[in-house]
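Computed from a predicted structure; not experimentally measured. Chain naming here is simple, since letters A, B, ... match the order of the sequence lines and numbering starts at 1 in each.
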Amino acid sequence: MEERRFARRTRLESLFEFVDAFVVRHGIHTDAAFDLRLALEELFTNSVKYHPESREDILVRLEKDGPWVRMTLQDFDVHDWDVTLAPPPDVDAPIQTRVPGGLGIHLVRHVTDSFEYRHRDRSSTIVVTKRVEP
Amino acid sequence: MFTIRVVDGVARLTGRLDADEAPQALTTLQSLPGPLTLDCSDLEYISSAGLGAVVQTYKRLNAAGQELRIVNLRPNVRNVFTYAGLIRLLQIE
(Lines give C-alpha, C1' and ligand atoms only; values in the text may rest on other atoms or scores of the structure.)
Protein backbone atom coordinates (compact mmCIF):
# COMPACT_ATOMS: atom_id res chain seq x y z
CA MET A 1 0.00 0.00 0.00
CA GLU A 2 1.31 3.42 -0.93
CA GLU A 3 -0.14 6.78 -0.06
CA ARG A 4 0.75 10.40 -0.41
CA ARG A 5 -0.84 13.75 0.35
CA PHE A 6 -1.12 16.22 -2.50
CA ALA A 7 -1.73 19.93 -2.19
CA ARG A 8 -4.93 21.04 -3.89
CA ARG A 9 -2.95 23.19 -6.32
CA THR A 10 -0.40 20.50 -7.13
CA ARG A 11 0.56 19.93 -10.73
CA LEU A 12 -1.08 16.81 -12.15
CA GLU A 13 2.37 15.68 -13.19
CA SER A 14 3.01 14.83 -9.53
CA LEU A 15 -0.08 12.61 -9.43
CA PHE A 16 0.96 10.85 -12.61
CA GLU A 17 4.46 10.24 -11.27
CA PHE A 18 2.91 8.68 -8.17
CA VAL A 19 0.75 6.36 -10.29
CA ASP A 20 3.58 5.59 -12.70
CA ALA A 21 5.90 4.51 -9.88
CA PHE A 22 3.15 2.29 -8.47
CA VAL A 23 2.34 0.58 -11.78
CA VAL A 24 6.02 -0.04 -12.53
CA ARG A 25 6.57 -1.50 -9.07
CA HIS A 26 3.64 -3.87 -9.52
CA GLY A 27 4.15 -4.66 -13.21
CA ILE A 28 0.73 -3.36 -14.17
CA HIS A 29 -0.14 -3.37 -17.87
CA THR A 30 0.06 -0.05 -19.70
CA ASP A 31 -3.64 -0.12 -20.62
CA ALA A 32 -4.65 -0.43 -16.96
CA ALA A 33 -2.09 2.22 -16.03
CA PHE A 34 -3.70 4.63 -18.50
CA ASP A 35 -7.09 4.05 -16.89
CA LEU A 36 -5.72 4.53 -13.37
CA ARG A 37 -4.15 7.86 -14.36
CA LEU A 38 -7.41 8.97 -15.96
CA ALA A 39 -9.52 8.00 -12.94
CA LEU A 40 -7.13 9.75 -10.56
CA GLU A 41 -7.02 12.98 -12.58
CA GLU A 42 -10.78 13.14 -12.90
CA LEU A 43 -11.44 12.40 -9.23
CA PHE A 44 -8.73 14.73 -7.95
CA THR A 45 -9.69 17.69 -10.13
CA ASN A 46 -13.34 17.06 -9.29
CA SER A 47 -12.59 17.18 -5.56
CA VAL A 48 -10.67 20.42 -5.92
CA LYS A 49 -13.41 21.99 -8.05
CA TYR A 50 -16.37 21.01 -5.88
CA HIS A 51 -14.74 21.53 -2.48
CA PRO A 52 -13.38 25.08 -2.63
CA GLU A 53 -14.07 25.39 1.11
CA SER A 54 -11.13 23.14 2.02
CA ARG A 55 -7.48 24.13 2.28
CA GLU A 56 -6.38 20.62 3.26
CA ASP A 57 -4.23 18.33 1.18
CA ILE A 58 -5.92 15.38 -0.51
CA LEU A 59 -4.74 11.92 0.49
CA VAL A 60 -4.28 9.45 -2.38
CA ARG A 61 -3.78 5.78 -1.60
CA LEU A 62 -3.01 2.96 -4.05
CA GLU A 63 -3.23 -0.68 -3.05
CA LYS A 64 -2.67 -3.85 -5.03
CA ASP A 65 -4.92 -6.66 -3.88
CA GLY A 66 -4.55 -9.77 -6.03
CA PRO A 67 -5.76 -8.89 -9.52
CA TRP A 68 -7.25 -5.62 -8.28
CA VAL A 69 -6.00 -2.11 -7.66
CA ARG A 70 -7.89 -0.07 -5.11
CA MET A 71 -7.52 3.69 -5.37
CA THR A 72 -8.69 5.88 -2.48
CA LEU A 73 -8.98 9.66 -2.36
CA GLN A 74 -9.67 11.19 1.03
CA ASP A 75 -10.58 14.85 1.20
CA PHE A 76 -10.66 16.67 4.55
CA ASP A 77 -12.79 19.50 5.92
CA VAL A 78 -15.34 19.21 3.14
CA HIS A 79 -19.11 19.13 2.96
CA ASP A 80 -21.06 16.04 1.96
CA TRP A 81 -21.33 15.78 -1.81
CA ASP A 82 -21.81 12.27 -3.16
CA VAL A 83 -19.92 12.21 -6.43
CA THR A 84 -21.38 8.81 -7.33
CA LEU A 85 -24.80 10.46 -7.62
CA ALA A 86 -23.66 12.97 -10.25
CA PRO A 87 -26.05 12.77 -13.20
CA PRO A 88 -24.50 11.26 -16.32
CA PRO A 89 -23.89 13.56 -19.28
CA ASP A 90 -25.86 13.04 -22.47
CA VAL A 91 -23.11 11.52 -24.62
CA ASP A 92 -25.57 11.13 -27.50
CA ALA A 93 -26.26 14.86 -27.68
CA PRO A 94 -25.02 16.80 -30.72
CA ILE A 95 -21.72 18.52 -30.07
CA GLN A 96 -23.15 21.99 -30.63
CA THR A 97 -25.55 21.55 -27.72
CA ARG A 98 -23.08 20.05 -25.29
CA VAL A 99 -22.18 21.93 -22.15
CA PRO A 100 -19.19 21.23 -19.89
CA GLY A 101 -19.74 19.12 -16.78
CA GLY A 102 -20.21 15.55 -15.73
CA LEU A 103 -17.97 13.98 -18.33
CA GLY A 104 -15.06 13.30 -15.97
CA ILE A 105 -17.10 11.14 -13.60
CA HIS A 106 -18.65 9.42 -16.61
CA LEU A 107 -15.12 8.49 -17.73
CA VAL A 108 -14.26 7.23 -14.24
CA ARG A 109 -17.22 4.85 -14.40
CA HIS A 110 -15.99 3.53 -17.75
CA VAL A 111 -12.42 2.81 -16.67
CA THR A 112 -13.07 1.35 -13.22
CA ASP A 113 -15.00 -1.65 -11.90
CA SER A 114 -16.46 -0.16 -8.73
CA PHE A 115 -16.99 3.37 -7.45
CA GLU A 116 -17.94 4.16 -3.86
CA TYR A 117 -18.32 7.28 -1.74
CA ARG A 118 -18.73 7.94 1.96
CA HIS A 119 -18.66 11.03 4.14
CA ARG A 120 -18.00 11.23 7.86
CA ASP A 121 -16.79 13.94 10.23
CA ARG A 122 -16.35 16.40 7.34
CA SER A 123 -14.12 13.97 5.48
CA SER A 124 -15.09 12.44 2.16
CA THR A 125 -13.65 9.18 0.92
CA ILE A 126 -13.88 7.96 -2.66
CA VAL A 127 -12.80 4.42 -3.44
CA VAL A 128 -12.55 2.98 -6.93
CA THR A 129 -11.29 -0.45 -7.88
CA LYS A 130 -9.95 -1.73 -11.15
CA ARG A 131 -9.10 -5.27 -12.19
CA VAL A 132 -5.60 -5.10 -13.66
CA GLU A 133 -4.94 -8.81 -14.21
CA PRO A 134 -7.04 -11.59 -15.81
CA MET B 1 4.32 17.85 -20.76
CA PHE B 2 2.24 18.73 -23.78
CA THR B 3 3.08 20.52 -27.01
CA ILE B 4 1.34 21.53 -30.21
CA ARG B 5 3.39 21.94 -33.36
CA VAL B 6 1.61 23.34 -36.40
CA VAL B 7 2.72 22.85 -39.99
CA ASP B 8 0.54 23.56 -43.03
CA GLY B 9 -2.85 23.13 -41.36
CA VAL B 10 -1.81 20.09 -39.33
CA ALA B 11 -1.46 20.45 -35.56
CA ARG B 12 0.63 17.67 -34.10
CA LEU B 13 -0.32 17.02 -30.47
CA THR B 14 2.41 15.49 -28.31
CA GLY B 15 2.32 14.30 -24.69
CA ARG B 16 -0.47 14.43 -22.13
CA LEU B 17 -3.48 16.68 -22.66
CA ASP B 18 -4.72 16.90 -19.07
CA ALA B 19 -6.51 19.53 -16.98
CA ASP B 20 -3.27 21.46 -16.41
CA GLU B 21 -2.45 21.63 -20.11
CA ALA B 22 -5.95 22.07 -21.53
CA PRO B 23 -6.27 25.87 -21.04
CA GLN B 24 -3.09 26.63 -22.99
CA ALA B 25 -3.95 23.97 -25.57
CA LEU B 26 -7.35 25.59 -26.08
CA THR B 27 -5.78 29.03 -26.49
CA THR B 28 -3.43 27.68 -29.15
CA LEU B 29 -6.10 25.65 -30.97
CA GLN B 30 -8.53 28.57 -30.98
CA SER B 31 -5.93 30.69 -32.73
CA LEU B 32 -5.58 28.29 -35.66
CA PRO B 33 -7.51 28.80 -38.89
CA GLY B 34 -9.51 26.02 -40.52
CA PRO B 35 -9.59 23.60 -42.06
CA LEU B 36 -7.53 21.93 -39.38
CA THR B 37 -6.18 18.43 -38.81
CA LEU B 38 -5.18 17.20 -35.35
CA ASP B 39 -2.47 14.57 -35.72
CA CYS B 40 -2.61 12.54 -32.50
CA SER B 41 0.17 10.06 -33.29
CA ASP B 42 2.11 11.22 -30.24
CA LEU B 43 -0.81 12.09 -27.99
CA GLU B 44 -0.22 9.73 -25.08
CA TYR B 45 -3.14 10.71 -22.86
CA ILE B 46 -6.30 12.78 -22.77
CA SER B 47 -8.82 13.49 -20.02
CA SER B 48 -12.22 15.19 -19.98
CA ALA B 49 -10.48 18.58 -19.84
CA GLY B 50 -8.53 17.76 -22.98
CA LEU B 51 -11.67 16.58 -24.73
CA GLY B 52 -13.22 19.91 -23.85
CA ALA B 53 -10.47 21.75 -25.73
CA VAL B 54 -11.04 19.58 -28.79
CA VAL B 55 -14.81 20.02 -28.64
CA GLN B 56 -14.49 23.81 -28.30
CA THR B 57 -12.20 23.87 -31.32
CA TYR B 58 -14.69 21.80 -33.30
CA LYS B 59 -17.55 24.12 -32.35
CA ARG B 60 -15.64 27.20 -33.50
CA LEU B 61 -14.58 25.72 -36.82
CA ASN B 62 -17.96 24.13 -37.48
CA ALA B 63 -19.72 27.45 -36.86
CA ALA B 64 -17.41 28.99 -39.47
CA GLY B 65 -18.11 26.21 -41.96
CA GLN B 66 -14.62 24.80 -41.54
CA GLU B 67 -13.55 21.21 -41.07
CA LEU B 68 -11.75 19.61 -38.13
CA ARG B 69 -10.18 16.21 -38.76
CA ILE B 70 -8.66 14.05 -36.03
CA VAL B 71 -6.21 11.40 -37.18
CA ASN B 72 -3.93 8.69 -35.77
CA LEU B 73 -5.49 8.26 -32.35
CA ARG B 74 -3.73 5.73 -30.14
CA PRO B 75 -6.07 2.97 -28.84
CA ASN B 76 -6.29 4.23 -25.24
CA VAL B 77 -6.92 7.79 -26.36
CA ARG B 78 -9.49 6.58 -28.88
CA ASN B 79 -11.28 4.78 -26.04
CA VAL B 80 -11.69 8.07 -24.18
CA PHE B 81 -13.27 9.67 -27.27
CA THR B 82 -15.54 6.61 -27.55
CA TYR B 83 -16.67 6.75 -23.90
CA ALA B 84 -17.51 10.43 -24.39
CA GLY B 85 -19.65 9.63 -27.41
CA LEU B 86 -17.41 11.67 -29.69
CA ILE B 87 -16.18 8.96 -32.05
CA ARG B 88 -19.34 9.08 -34.13
CA LEU B 89 -19.76 12.85 -33.92
CA LEU B 90 -16.29 14.09 -34.82
CA GLN B 91 -14.46 13.39 -38.05
CA ILE B 92 -12.01 10.81 -36.70
CA GLU B 93 -9.85 8.78 -39.06
Visitor: Between A/Arg109 and chain B, with a heavy-atom cut-off of 4.5 Å, which part of the residue counts as in contact: side chain, backbone, both or neither?
Guide: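 For A/Arg109, no heavy atom lies under 4.5 Å from chain B.
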Visitor: Which is it for A/Thr72 and A/Ile126 under the side-chain contact (heavy atoms from CB on, under 4.5 Å) test, yes or no, and what are the steps along the way?
Guide: CA-CA 6 Å; A/Thr72 304; A/Ile126 299 168; over 6 Å; no
Visitor: Can you say whether B/Leu51 sits under 4.5 Å from chain A via the side chain, the backbone, both, or neither, judging by heavy atoms?
Guide: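 Contact with chain A is through the side chain of B/Leu51 alone.
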Visitor: Does any heavy atom of chain A fall under 4.5 Å from the side chain of B/Glu44, the backbone, both, or neither of them?
Guide: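 For B/Glu44, the backbone is the part near chain A, not the side chain.
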Visitor: Check this for me: A/Arg118, atom CZ, are more than 12 non-hydrogen atoms of other residues, nucleotides or ligands nearer than 6.0 Å?
Guide: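 Check fails, neighbour count at 12 or below.
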Visitor: Is the shortest distance from a Lys or Arg side-chain nitrogen in B/Arg12 or B/Asp42 to a carboxylate oxygen in the other one below 4.0 Å?
Guide: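 Salt bridge flag = yes for B/Asp42 with B/Arg12.
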Visitor: With respect to chain A, which residue among B/Leu89, B/Asp18, B/Val80 yields the maximal number of heavy-atom pairs within a distance under 4.5 Å?
Guide: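 Between B/Leu89, B/Asp18, B/Val80, the count favours B/Asp18.
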Visitor: Which region of A/Gln96, side chain (C-beta onward) or backbone (N, CA, C, O), has a non-hydrogen atom less than 4.5 Å from a non-hydrogen atom of chain B, or is it both or neither?
Guide: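 For A/Gln96, heavy atoms of backbone and side chain both lie under 4.5 Å from chain B.
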Visitor: Between chain B and each of A/Val91, A/Val111, A/Thr30, A/Asp35, count heavy-atom pairs under 4.5 Å; write down the option with the most.
Guide: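 Option with the top pair count is A/Val91.
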Visitor: Taking the ring centre of each residue, are B/Phe2 and B/Tyr45 less than 6.0 Å apart?
Guide: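 Centroid separation for B/Phe2 and B/Tyr45: 6.0 Å or greater.
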Visitor: Taking side chain as everything from C-beta outward and backbone as N, CA, C, O, which of these in A/Leu107 sits under 4.5 Å from a heavy atom of chain B? Side chain, backbone, both or neither.
Guide: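 A/Leu107 touches chain B through side-chain heavy atoms alone.
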Visitor: Evaluate the side-chain proximity of A/His26 to A/Glu2: yes if any heavy-atom separation is below 4.5 Å, no if none is.
Guide: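 In contact.
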Visitor: Please answer whether the main-chain N or O of A/Phe6 pairs with a side-chain N or O of A/Thr10 as donor and acceptor at a distance below 3.5 Å.
Guide: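 Pair absent, no side-chain N/O of A/Thr10 close to backbone of A/Phe6.
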